[in-house]
There are 2 protein chains.
Amino acid sequence: MRNRPIPEATVARLPIYLRSLLDMAETTGELTVSSEELARRAGVNAAKVRKDLSYLGSYGTRGVGYDVEYLLYQITRELGLTQDWPAALVGIGNLGRALASYKGFSERGFRISALFDVSDDVVGTETGGLTVRHLDELKEVVAEDNICIGIISTPPNSAQEVAERFVDAGVKSILNFAPSVVNVPPDVNVRKVDLSIELQILSFYQQRTQAIATAREANRRLGAQGQG
Amino acid sequence: MRNRPIPEATVARLPIYLRSLLDMAETTGELTVSSEELARRAGVNAAKVRKDLSYLGSYGTRGVGYDVEYLLYQITRELGLTQDWPAALVGIGNLGRALASYKGFSERGFRISALFDVSDDVVGTETGGLTVRHLDELKEVVAEDNICIGIISTPPNSAQEVAERFVDAGVKSILNFAPSVVNVPPDVNVRKVDLSIELQILSFYQQRTQAIATAREANRRLGAQGQG
DNA sequence: TCGTGTTTGTGATAACGCTCACAAGCTCGT
DNA sequence: ACGAGCTTGTGAGCGTTATCACAAACACGA
């Protein structure tokens with residue numbers, strides 16, 4: 001079990017466990033945590049927690065639980081968060097500025113070390129302690145600062161071009177906030193965060209429950225009519 | 001097939017198809033689109049596109065493809081985007097302000113109709129044409145403006161309380177940008193967007209590929225040593 | 001030392017999702 | 001009218017993920 005590759009679904013949950021454990025370590029004095037408690041905090045099933053953690057190794061003690069600090073360390077290590085990953089952010093609009101000063105990144109070991117744009121209006125301005133540079137300097141800066149992660153927060157029609165510039169500069173990990181699909185070579189990893197897709201999914205289920213409520217209401221009235 | 005419930009995975013892809021189709025309708029003059037073409041634009045498999053669309057109904061024509069306008073309408077309707085969904089945003093920090101003025105929402109029929117915070121520094125200020133109100137007014141405003149969707153962009157430790165206020169006000173759909181798990185009754189739908197989790201997942205795979213490269217390098221040197 | 005109570009680790013199984021492959025069905029030219 | 005050439009819709013098979021259920025392992029008190 002230990003040497004099996006870690007399933008994607010598990011990798012996606014490790015950061016949630018990490019956050020829950022950090023929260024525990026700060027607020028409670030507990031030295032150990034059971035899969036049940038961790039599951040509750042992470043909002044998942046206890047069996048899932050145990051199976052997920054078992055992919056990392058047998059770090060629990062039966063009858064006791066998991067040592068909080070040790071587990072924290074193991075997950076941090078597994079996620080590669082013991083080293084810091086310099087990132088570059090392209091696209092300094094409203095969202096880009098918010099991301100540039102987002103504390104959640106730095107708290108988790110991600111340092112945005114360079115900002116880029118193409119518009120003369122923002123190139124040269126300062127945001128979150130960094131001066132915005134022109135996109136043409138990207139390749140050079142990536143090499144200098146050893147940048148590993150590219151973040152795209154441009155309008156959708158520029159995203160593909162920026163992605164290609166990142167690839168050309170040797171960046172292998174890209175996080176895309178622009179609402180568009182970007183195509184990259186197979187050795188490059190792209191993840192996307194789409195702010196409005198999630199709203200559209202909510203809309204689907206909201207409409208569905210409202211439709212059911214409406215149908216039930218109509219049905220109720222029909223029944224009343226039949227009886228009355 | 002037609003009356004089966006639509007799988008979650010399909011629902012999550014409908015917005016992507018929608019975006020691809022909108023893009024097509026604007027840029028190309030094509031009246032129809034094949035599953036192959038749509039798949040290419042959406043970055044998925046053609047068979048997946050066909051199966052996904054088949055859940056909505058038989059809207060394609062064999063040998064021809066799908067009528068772009070008709071498919072656009074059907075997906076829009078299925079996602080519940082024919083009506084607009086007023087949303088309330090709580091937490092007016094950097095991210096909150098960026099979300100409040102994010103064009104991607106309004107372009108897709110989501111109107112943020114009220115902003116809330118608790119800090120005296122921001123209550124009363126204006127952002128994106130709306131005046132920030134105090135969180136205590138939430139319930140009242142939700143009822144007045146018929147708000148269906150709640151968006152949370154507070155610090156993590158306030159998220160749960162805000163979620164409960166939304167639930168109390170009768171909101172059934174919540175989008176959570178705060179990096180924390182929120183618990184709600186089963187009839188309320190919460191989706192989360194976590195900006196840094198995606199980075200952590202990237203970090204995992206980045207580390208993995210770097211580790212492989214390092215091991216291969218070490219192995220190469222060992223081989224050279226053995227031979228030399 | 002042994003029994004009781006607790007919690008992990010993991011087979012087994014079920015549910016879900018993805019991909020393939022191909023018949024059914026359409027268009028168009030002859 | 002008919003055959004050639006496409007493209008859809010979907011059954012079948014496979015891989016992944018979730019859940020259950022329980023033996024193995026530990027702590028602790030008597």
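First the proteins, then the strands, lettered A, B, ... as listed; each starts at 1.
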Exercise. Would the number of heavy atoms belonging to other residues, nucleotides or ligands and lying under 6.0 Å from CD1 of A/I6 be above 12?
Worked result: yes

Seminar exercise, completed: Output for pair (B/Y205 OH, A/S173 OG), nearest 0.5 Å, gives 11.0 Å

Exercise. Would one find a side-chain N or O of A/S35 under 4.0 angstrom from OP1 or OP2 of C/dT8?
Worked result: yes

Exercise. So, is B/R13 near the phosphate of C/dC18, with a side-chain N or O under 4.0 Å from OP1 or OP2?
Worked result: yes

Exercise. Where the side chain of B/S34 meets the backbone of B/E37, is there a donor-acceptor pair that is under 3.5 Å apart?
Worked result: yes

Seminar exercise, completed: A/R50 atom CZ is separated from C/dT6 atom P, nearest whole Å, by 15 Å

For this session: When you get a sec, tell me which of C/dT8, D/dT7, D/dA18 is the closest nucleotide to the side chain of B/R62?
Result: D/dT7

For this session: Give a yes/no answer on whether the side chain of A/Y66 brings an N or O atom under 4.0 Å of OP1 or OP2 in D/dC26.
Result: no

Exercise. Below 4.0 angstrom from OP1 or OP2 of C/dT19, is there any side-chain N or O of B/K51?
Worked result: no

Exercise. Would B/T32 and B/D67 count as having a side-chain donor-acceptor pair, cut-off 3.5 Å?
Worked result: no

Exercise. C/dC20 phosphate, OP1 or OP2: any side-chain N/O from B/N45 under 4.0 angstrom?
Worked result: yes

Problem set entry | d(CG, A/L38; C1', C/dT8) in whole Å | 13 Å

